[in-house]
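Let me begin by presenting the structure, written as structure tokens, before commenting on it.
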2 protein chains.
Amino acid sequence: MDRVSWRTQVLKNHLTQAPSPETPSLSPTPCLNYSPPELAESTHFDTSEMRKLLDGHNLQERDWLYGLMIQSKLFNPRRLGGRVFVSPDYNQSMEQQREMTMKRIDYLLETGVFEGWLTGKTVEEELRKFALLEVAGMFDHSLAIKLGVQFFLWGGAIQFFGTERHHVKWLRDTENYVVKGCFAMTELGHGSNVRGIETVTTYDQRAREFIINTPWESAQKYWIGGAANHATHTVAFSQLNINGINQGVHAFIVQIRDADGNICPNIRIADCGHKIGLNGIDNGRIWFDNVRIPRENLLNSVADVSPDGEYLSAIKDRDQRFAAFLAPLTAGRVNIAVSAIYSAKIGLAIAIRYALSRRAFSIAPNQPEVLLLDYPSHQRRLLPLLAKTYAMSFSANHLKMIYMKRTPELNKTIHILSSAFKASFTWHNMRTLQECREACGGQGLKTENRVGHLKSEKDVQSTFEGDNNVLMQQISKTLFAEYLAAQKRKKPFNGLGLEHMNGPCSVIPQQLPSTVLRSGHFQVDAFHVRERDLLNCFAEEILQRQARGEMKEHALLSSYQLAEDLGQAFSERCVLENFLEVEENSPAGSLKDMLALLRSMYALTCMEEDASFLRYGYLSTENAAAVRKEVAILCSELRPHALALVSSFGIPDAFLSPIAFNWVDANSWSSVQH
Amino acid sequence: MDRVSWRTQVLKNHLTQAPSPETPSLSPTPCLNYSPPELAESTHFDTSEMRKLLDGHNLQERDWLYGLMIQSKLFNPRRLGGRVFVSPDYNQSMEQQREMTMKRIDYLLETGVFEGWLTGKTVEEELRKFALLEVAGMFDHSLAIKLGVQFFLWGGAIQFFGTERHHVKWLRDTENYVVKGCFAMTELGHGSNVRGIETVTTYDQRAREFIINTPWESAQKYWIGGAANHATHTVAFSQLNINGINQGVHAFIVQIRDADGNICPNIRIADCGHKIGLNGIDNGRIWFDNVRIPRENLLNSVADVSPDGEYLSAIKDRDQRFAAFLAPLTAGRVNIAVSAIYSAKIGLAIAIRYALSRRAFSIAPNQPEVLLLDYPSHQRRLLPLLAKTYAMSFSANHLKMIYMKRTPELNKTIHILSSAFKASFTWHNMRTLQECREACGGQGLKTENRVGHLKSEKDVQSTFEGDNNVLMQQISKTLFAEYLAAQKRKKPFNGLGLEHMNGPCSVIPQQLPSTVLRSGHFQVDAFHVRERDLLNCFAEEILQRQARGEMKEHALLSSYQLAEDLGQAFSERCVLENFLEVEENSPAGSLKDMLALLRSMYALTCMEEDASFLRYGYLSTENAAAVRKEVAILCSELRPHALALVSSFGIPDAFLSPIAFNWVDANSWSSVQH
């Protein structure tokens with residue numbers, strides 16, 4: 001990094017503040033004065049255009065919902081340092097937080113937020129639903145999850161697993177909260193392994209009823225959001241036993257509470273208790289004691305049971321039936337991937353704004369203290385994460401748009417992309433929040449400052465709707481299958497972006513000057529080299545193990561190191577390609593230049609951080625040194641744009657936190673409630 | 001990893017459980033039955049001897065305090081699955097948690113736990129204090145921090161900064177909680193940079209009083225544990241202005257509440273509010289409005305002011321005086337380093353016990369589901385962290401013992417070791433808890449299971465008593481000073497374990513067979529090669545920058561990448577050497593063999609994980625592949641000892657959590673409080 005320009009930058013930033021004298025205690029003005037970063041920082045691209053690229057769609061509706069929440073007392077507005085901030089009172093007990101979540105939903109219902117969320121038929125209505133859910137999640141994860149359970153899990157099960165008779169009966173009532181649904185899939189003994197659940201359903205032909213039973217303790221439904229307090233109905237997942245033959249997992253509608261909130265007969269419910277986050281969600285456990293439900297309550301889009309007890313399904317293979325059954329749940333992973341990136345945005349907007357107003361240590365005597373973000377090490381902590389968040393934000397949009405256009409042919413792509421992005425984005429979010437919290441020092445620990453608190457709220461994302469590690473292994477397994485298929489059919493790779501495997505392998509140049517390092521072409525080449533080699537190595541290792549007599553499943557499990565490296569390589573390559581697409585579609589100008597800078601930071605940070613580039617020799621130590629040096633230079637180039645880059649997130653001030661603004665005022669004696 | 005032995009192991013472990021039939025729903029026994037890991041696992045070394053090595057001292061007193069806590073209703077015992085577990089009710093409000101912390105302290109006071117904590121004079125008494133504080137922290141971090149504030153911060157300030165007159169007046173009353181103290185150092189505007197605090201104290205010669213003042217908002221005392229509710233007195237840190245000359249930071253005793261808990265005149269106090277953890281601590285903010293205190297309240301071990309207002313100090317240099325003043329605070333960093341490792345032990349004991357009883361997925365049809373810890377990837381997630389925890393535990397003891405023998409000559413060593421270990425152990429703990437929480441799946445999110453909750457409680461450790469990143473930079477700065485001193489004096493390196501710099505540089509062999517990889521000699525060589533080269537590179541970079549006209553401080557900040565790599569290299573080398581010392585002092589036998597296995601796992605994991613080995617070419621890609629392969633083999637070798645290794649931690653069952661034992665029973669309907 002160029003020291004002269006850095007020092008100039010530091011000094012320039014200090015001009016807005018008088019230097020403090022040698023003995024600060026005798027100074028007539030405080031050594032630390034709050035100065036709004038806007039005074040010192042300038043903007044070199046159109047932040048509202050950037051926001052359009054980031055949010056992607058329904059900007060007006062997003063702002064409308066932000067406004068609705070800020071206006072209502074239910075969203076716990078507090079005035080600090082002359083500003084209003086909204087966020088739940090997390091000092092409330094679990095029980096109070098749950099009731100507040102429900103009250104907020106009632107308010108959003110009245111204001112028409114959920115119109116068309118289940119009865120809408122168009123892509124526009126579906127996009128609106130996604131946008132508004134994303135905004136609700138910016139206030140509180142519990143609020144978003146509670147809505148996700150009602151509309152995506154319970155409502156989605158009706159939509160996708162049910163047929164006309166279920167749609168007519170349940171969708172509008174669900175949209176209006178006449179029924180409150182929950183989603184009873186996970187059991188105490190089986191989470192990620194849905195196929196292994198132990199709830200049993202049999203059919204009573206005479207009564208034309210199904211009988212659902214929890215045969216033993218490990219089969220109790222567990223983590224069922226909504227079950228502990230509010231839900232009236234659930235979709236229960238169960239093995240279906242017809243005439244002594246287990247037809248696998250099926251879904252049934254079961255009423256669990258009456259309209260007055262009393263638990264129905266033969267249903268037992270217990271609380272999951274206090275959690276490290278999401279205490280606004282009433283997770284519960286359910287036992288079914290031979291509960292009888294009408295035959296029509298089987299969600300029968302994939303398979304049905306006739307009145308006289310015959311099992312009917314167009315898909316004969318049990319594995320295929322199971323896969324078809326779960327495919328629609330992909331929406332959950334799409335939502336999680338998107339939500340993780342919005343959460344990283346909150347963390348970065350707060351930590352970067354704070355780093356642009358908080359000073360610590362003078363570098364030399366008689367000099368003012370230095371802004372945190374003027375420390376090269378602080379830049380290195382936050383700015384690569386900022387670039388990654390941009391990159392992943394574009395990929396989250398890409399995933400959402402593919403999901404909107406979903407067809408059976410796209411199922412595999414959607415499944416693997418949503419798995420890859422769900423895993424890598426949620427890990428990225430947790431890492432970003434942790435770094436942001438530490439970068440904010442003690443202030444990052446105050447609940448009101450959000451950045452530390454969000455960690456506990458979002459932690460669940462790395463294991464729910466598929467454990468991240470399991471998902472990563474599935475990706476590599478899928479890529480291995482593609483590899484085998486291409487080999488067997490002697491046909492080129494087609495799909496999942498693996499076409500690069502068909503051409504000759506790129507070569508990483510021995511010398512990597514800045515122009516090469518920053519070229520999209522080189523970056524994609526490097527990512528292709530890594531993915532190609534890792535896929536080849538992984539496949540070879542599996543095949544060798546199999547040749548030695550190992551079972552394929554064993555071989556896959558034993559090759560976990562390569563599988564993890566490959567999963568990451570796949571995910572990062574997809575993200576880079578999506579980024580380049582966004583960049584190519586932007587007209588020439590300052591915004592496109594900014595995108596190029598961010599994209600280079602993304603690509604080079606991945607190359608610096610993923611040890612596999614060095615471990616397998618894709619980069620020489622000289623190459624790696626060049627990459628590392630370039631990342632530091634990119635930090636200094638992104639530094640002047642940091643404020644504009646987080647402003648482009650379009651998050652209203654009220655959804656950030658006191659340390660993102662005048663934290664001296666917000667902490668003043670006059671702000672204390674006496 | 002040898003597949004055959006692994007499969008044998010898997011199958012052996014399954015013998016205690018009947019295989020489930022193809023269609024689990026029709027099975028007469030549940031697919032998942034809890035089976036205590038003790039039934040399947042065996043122990044090949046003396047776990048009580050191992051515990052002695054780990055805890056190091058005062059084992060009986062530790063068990064006595066564990067017992068005291070389990071027996072008392074105040075420690076919130078709950079019966080689940082036939083066992084009692086203790087831990088605070090974190091669903092209580094911040095206000096309730098604070099009161100409970102105080103009540104628990106009252107109980108421990110009555111039972112004599114704190115006897116000699118401040119009035120004791122011997123090393124034995126000091127060791128007892130450390131041991132009991134560590135055990136209190138196993139129950140709850142707030143409890144330990146509240147005690148730490150009373151005895152180490154307030155009490156320590158009286159001991160180390162005060163003189164006879166203060167000792168006589170305050171120590172016994174503090175030990176008996178007749179006074180409740182707090183420690184007002186940090187301000188809103190200055191945390192890590194203590195030298196920059198803005199509180200001002202002047203001397204009124206006529207009244208023979210000091211006048212302490214908070215001149216503006218950024219000078220308010222912040223994060224002062226105990227200030228919000230309970231503390232009667234504080235030690236206030238302030239610039240001391242004598243006759244217009246600022247003599248730098250000094251410490252004064254100030255009463256802030258009367259015996260009835262009313263806030264004293266000219267003191268204003270506000271709450272720091274809800275935090276992401278440590279809500280059992282009443283962190284507060286203090287403003288001093290020209291508060292007058294007797295001249296004798298200056299803690300005058302380093303400097304004094306005579307009755308007629310003359311400033312007196314044996315140390316003329318302001319910087320040296322400041323350093324002498326803060327040196328005794330090292331105890332805080334020693335405590336934090338030790339406490340972080342105990343917390344990692346809780347996480348690992350829970351996650352490993354759970355992984356030895358929780359099954360997920362069958363590898364092949366008709367086979368029982370596999371124990372989590374029989375998955376190679378799960379071993380790779382947990383077992384290297386287990387080995388690191390052992391390694392750091394020994395180093396924590398080493399640090400504590402040096403601290404006990406502290407002399408002025410040892411100050412530098414204690415300062416740099418406590419900084420290095422505080423930073424690396426707290427980061428290790430957070431990483432371990434995160435991995436353990438994810439390894440426990442959803443169960444890791446339940447507050448009652450501890451492992452997820454501990455993250456929020458312990459997060460503070462990475463930034464308090466010195467931000468970890470700042471500490472790491474200080475280490476490299478100190479090493480650079482050693483380098484310069486050795487060069488200037490043309491004398492060999494002496495101290496901080498840098499003597500290896502004096503000899504010829506070791507050479508890493510081209511081939512690394514298992515025997516070499518596992519030899520302590522090779523491991524130390526590799527760590528020396530890294531540290532030596534990084535220190536040389538770092539020093540050369542700084543000197544080159546200075547030669548180009550850069551200020552030294554700028555040069556140090558710009559070389560942050562090398563500084564961070566060097567800090568880590570230093571810390572890891574110290575830990576490895578301490579481990580070897582423990583191993584060498586152990587008699588030949590199974591315990592020593594186990595230590596060797598753990599030490600190899602520690603060393604090779606460091607080599608695999610720290611990219612600097614590859615980045616700077618200390619290891620070739622072939623070397624790195626050999627290391628990686630060996631880590632996987634070590635995982636399979638440590639796997640059979642996992643249970644014994646966490647049992648050796650000596651943590652009573654009641655301080656673990658339901659998922660560490662029969663989690664099916666603990667979650668059964670009969671365990672629900674109806």
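By convention in this document, chain letters (A, B, ...) are assigned in the order of the sequence lines, proteins followed by strands, and residues within each chain are numbered from 1.
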* Would you check if A/Ile276 and B/Lys446 make a side-chain contact, meaning some heavy-atom pair closer than 4.5 Å? => no
* Go through the atoms of A/Asp467 and report whether side chain, backbone, both or neither lie under 4.5 Å from a heavy atom of chain B. => side chain
* Asked: Looking at A/Glu609, A/Met430, A/Arg358, which makes the most heavy-atom pairs under 4.5 Å with chain B?
  -> A/Arg358
* Which answer fits A/His190, side chain, backbone, both or neither, if we ask what part of it has an atom under 4.5 Å from a heavy atom of chain B? -> both
* **Heavy-atom proximity to chain B below 4.5 Å, by part of A/Gln220** => side chain
* Toward chain B, the part of A/Ser192 with a non-hydrogen atom under 4.5 Å -> both
* Asked: chain B: which of A/Met94, A/Glu438, A/Glu553 shares the most heavy-atom pairs with it under 4.5 Å?
  -> A/Glu438
* Asked: Most heavy-atom pairs under 4.5 angstrom with chain A, which of B/Gln96, B/Arg268, B/Glu564, B/Lys275?
  -> B/Arg268
* **Side chain / backbone / both / neither for A/Trp287 at chain B, heavy atoms under 4.5 Å** => side chain
* chain B heavy atoms under 4.5 Å from A/Arg628: which part of the residue, side chain, backbone, both or neither? -> both
* Structural part of A/Ala364 lying under 4.5 Å from a heavy atom of chain B -> both
* Asked: Got a sec, which residues hit side-chain hydrogen bond (donor to acceptor under 3.5 Å, both in side chains) with B/Asp89, two or more places apart in sequence or on another chain?
  -> none
* Asked: Of the backbone (N, CA, C, O) and the side chain (C-beta and beyond), which part of A/Gln97 lies under 4.5 Å from a heavy atom of chain B, both, or neither?
  -> neither
* Checking heavy atoms, do the side chain of A/Asn469, its backbone, both or neither come under 4.5 Å from chain B? -> side chain
* Do we see a donor-acceptor contact under 3.5 Å between the side chains of A/Asn193 and B/Glu369? -> yes
* Approximate separation, where rounding is to 0.5 Å, of B/Met551 CE and A/Ile363 CD1 -> 7.0 Å
* Is it the side chain or the backbone of A/Phe464 that comes within 4.5 Å of chain B heavy atoms, both, or neither? -> neither
* **Segment of A/Lys455 engaging chain B (4.5 angstrom heavy-atom cut-off)** => side chain
* Structure fact -> Under 4.5 Å to a heavy atom of chain B? For A/Gln561 that would be both
* Asked: If we ignore angles and hydrogens, is there a donor and acceptor under 3.5 Å between the side chains of A/Gln443 and B/Trp223?
  -> no
* Could you tell me which residues satisfy side-chain hydrogen bond (donor to acceptor under 3.5 Å, both in side chains) with B/Glu457, sequence neighbours excluded, listed by chain and number? => B/His453
* **Heavy-atom proximity to chain B below 4.5 Å, by part of A/Leu454** => neither
* Segment of A/Ser377 engaging chain B (4.5 angstrom heavy-atom cut-off) -> both
